Amino acid sequence: MKSLSVLITLWVAAPSYAHPHLHWAPPGPGDVRGPCPMLNSLANHNYLPHNGKNFDVAITKKALSDALNIDEELGQFLFEQAVTTNPTPNATVWSLANLARHNVLEHDASFSRQDAYFGSPVKFNATIFAETQSYWHGPVINTTMAAKARVARIRTSNATNPEFGLSQTGVTFSLGEAAAYLMFLGERVNLTAPKNVVEYLFENERLPTKLGWKRPEPAVGFPDLQEAMARLFNETDPDIQILVRRGMHG
Ligand code: HEM
Ligand SMILES: *[C@@H]1O[C@H](CO)[C@@H](O)[C@H](O)[C@H]1NC(C)=O
Ligand SMILES: *[C@@H]1O[C@H](CO)[C@@H](O)[C@H](O)[C@H]1NC(C)=O
Ligand SMILES: *[C@@H]1O[C@H](CO)[C@@H](O)[C@H](O)[C@H]1NC(C)=O
Ligand SMILES: *[C@@H]1O[C@H](CO)[C@@H](O)[C@H](O)[C@H]1NC(C)=O
Ligand SMILES: *[C@@H]1O[C@H](CO)[C@@H](O)[C@H](O)[C@H]1NC(C)=O
Ligand SMILES: *[C@@H]1O[C@H](CO)[C@@H](O)[C@H](O)[C@H]1NC(C)=O
């Protein structure tokens, strides 16, 4: 009886490894994760190695292509950004934990993480995320809502964190992250995303397949990301468009 249930479990589980979007497991002992909800999700699904470590250019590009249909050029660009977070000189690999290094790519005023001044920015923080969510009115998030939510998080961090700062890289990444959740989780023409799909990814670090989400088609390239960022920027309060560098050292 026991061996039969083991056999059934294996039989049911085995095919899911051939389709990483079906397989999902949270990080276990020794696995590392970082401040990016999407990359954490890809590791939880085994698109990226589940331990969260030692991603070279080939692993990075294949995961981004297989899971999200990110093209060669954008995949290369994202890898080149990611590898800057590895403190080892001339590194050719990076890990999800490297991404948490403050003010390399990781920055203040995240949508779902506390500022590094208050503690680790790696874990999802429901209080921080509630402020972001409060700007997502109705079942569909559009560029106006995403821009307002981002501005609100910047204002709150500026008002509460004595070491608040956003570098040019930080503020550009923040804009890119807002563009990314609309573009990769929603549809690209109107730049909108279903709120429940976006919340599911942030809260569970799991691809929202069961809510009807599908891998984007056609492939997503660097110009697509830039265009989405420009549309969001256009919806952003003018006084936030030019950002203070308070708290930045260098
Ligand atoms: C190799 C590719 C990627 C790298 C290196 C990367 C890196 C990062 C880093 C360092 C952060 C933390 C920024 C912060 O302090 O808030 C972050 C956040 C984020 N990333 Fe990624 N990311 C990648 C791909 C993606 C993709 C494909 C998506 C698509 C949805 C995505 C969506 C997000 C979002 C929405 C956040 C904001 C989280 C928050 O503010 O709470 N990322 N990413
Ligand atoms: C890193 O690369 C540079 C330029 O190729 C080289 O001069 C330097 O010695 C390398 N450093 C290490 C630690 O390998
Ligand atoms: C979430 O962030 C807030 C604001 O920084 C902080 O007070 C709270 O302790 C954080 N919660 C967790 C569980 O880290
Ligand atoms: C987003 O939706 C809100 C509320 O329905 C609306 O006021 C706003 O004009 C919309 N923005 C865009 C860019 O369509
Ligand atoms: C940040 O706060 C300072 C006052 O502490 C204010 O002068 C500045 O305009 C604020 N910047 C943003 C972007 O909110
Ligand atoms: C974009 O929005 C318009 C107006 O709401 C709608 O008619 C159209 O179907 C949407 N396009 C896509 C691709 O969802
Ligand atoms: C910029 O936003 C305004 C509304 O705030 C809109 O009318 C205009 O079409 C947008 N321009 C671009 C280039 O997206």
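Counting convention: from 1, in listed order, for ligands and their atoms alike. Bear in mind the structure is a predicted one, so any value in this text is a computation, not a measurement.
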Open item on the list: Looking at Met183, is its backbone amide N or carbonyl O close enough to the side chain of Arg188 to form a donor-acceptor pair, meaning the two atoms are under 3.5 Å apart?
Closed with: no
- [ ] With rounding to the nearest 0.5 Å, note down the distance linking CG in Asn44 to CZ in Arg206.
- [x] 9.0 Å
Any protein N/O atoms within less than 3.5 Å of an N/O atom in ligand 4? List the atom names and distances, or say none.
from: ligand 4; atom 1: 2 (O); to: Asn142; atom 2: ND2; distance (Å): 2.3
from: ligand 4; atom 1: 11 (N); to: Asn142; atom 2: ND2; distance (Å): 2.9
from: ligand 4; atom 1: 11 (N); to: Thr144; atom 2: OG1; distance (Å): 2.6

Task: Linked, directly or transitively: Phe222 and Tyr181 (ILVMFWY side chains, under 4.5 Å) - done: yes
Open item on the list: Checking the side chain of His50 only, and the main-chain atoms of Ala25 only, is there a donor and an acceptor separated by less than 3.5 Å?
Closed with: yes
TODO: Select one of side chain, backbone, both or neither to describe which atoms of Phe129 lie under 4.0 Å from any atom of ligand 1, heavy atoms only.
DONE: neither
TODO: Nearest heavy atom to atom 3 (C) of ligand 1 wins, so pick from Leu96, Thr132, Leu39.
DONE: Leu39
TODO: Give the minimum heavy-atom separation between Ile59 and Asn54, together with the two atoms involved.
DONE: CD1-O, 3.9 Å
- [ ] Give me the ring orientation class for Trp136 and Phe202: parallel if the planes are under 30° apart, tilted from 30 to 60°, perpendicular past 60°.
- [x] tilted
Open item on the list: If you measure every N or O of Thr60 against every N or O of ligand 1, does any of those distances drop under 3.5 Å?
Closed with: no
TODO: Can you sort out which atoms of ligand 1 are near Leu105, meaning under 4.0 Å from one of its heavy atoms?
DONE: 10 (C)
Open item on the list: Can you report which non-hydrogen protein atom sits closest to atom 37 (C) of ligand 1, along with the distance?
Closed with: Glu177 OE1, 3.6 Å
Open item on the list: Using modelled atom types and a 3.5 Å cut-off, is there a donor and acceptor pairing between side-chain atoms of Thr160 and backbone atoms of Thr156?
Closed with: yes
Open item on the list: Please give me the minimum heavy-atom distance between Leu191 and Leu182, naming the atom from each residue.
Closed with: O-CD1, 3.7 Å
- [ ] Please answer whether the main-chain N or O of Gln81 pairs with a side-chain N or O of Thr85 as donor and acceptor at a distance below 3.5 Å.
- [x] no
Task: Heavy-atom closest pair, residues Ala100 and Pro35 - done: N-CD, 3.8 Å
Open item on the list: Counting only heavy atoms closer than 4.0 Å, does ligand 1 sit against the backbone of Pro121, its side chain, both, or neither?
Closed with: neither
Task: Heavy-atom nearest neighbour in the protein, as seen from atom 5 (C) of ligand 1, with distance rounded to 0.1 Å - done: Ala82 CB, 3.6 Å
Task: Contacting atoms of ligand 1, where contact means under 4.0 angstrom from a heavy atom of Leu68 - done: 27 (C)
Task: Options Cys36, Gly186, Ala180, Ser110, ranked by nearest heavy atom to atom 8 (C) of ligand 1, top entry - done: Cys36
TODO: Identify, by atom number and element, the atoms of ligand 1 in contact range of Ser112, meaning under 4.0 Å from any of its heavy atoms.
DONE: 39 (C), 40 (O), 41 (O)
TODO: Could you tell me whether Arg231 and Glu227 make a salt bridge, using a distance below 4.0 angstrom between a side-chain N and a carboxylate O?
DONE: yes
Task: Nearest non-hydrogen protein atom, atom 31 (C) of ligand 1 - done: Met38 CB, 3.6 Å
Open item on the list: Restricting to non-hydrogen atoms, name the atom on Phe55 and the atom on Thr60 that form the minimum distance, rounded to 0.1 Å.
Closed with: CB-OG1, 3.7 Å
Task: Mode of His107 contact toward ligand 1 - side chain, backbone, both, neither (heavy atoms, under 4.0 Å) - done: both
TODO: Looking only at protein heavy atoms, identify the closest one to atom 38 (C) of ligand 1 and say how far it is in Å.
DONE: Pro37 CD, 3.5 Å
Task: Min N/O separation Tyr181 to ligand 1 under 3.5 Å - done: no
Open item on the list: So which atom in Ala67 and which in Trp213 form the shortest heavy-atom distance, rounded to 0.1 Å?
Closed with: O-CH2, 3.7 Å
Task: ligand 1-proximal atoms of Phe184, by part, heavy-atom distance under 4.0 Å - done: side chain
Task: Closest approach of any protein heavy atom to atom 2 (C) of ligand 1, naming residue and atom - done: Leu78 CB, 3.6 Å
- [ ] Go through the side-chain N and O atoms of Asn69 and Arg215 and say whether any donor and acceptor fall under 3.5 Å apart.
- [x] yes
Open item on the list: Give me the residue, atom name and distance of the protein heavy atom closest to atom 40 (O) of ligand 1.
Closed with: Phe111 N, 2.7 Å
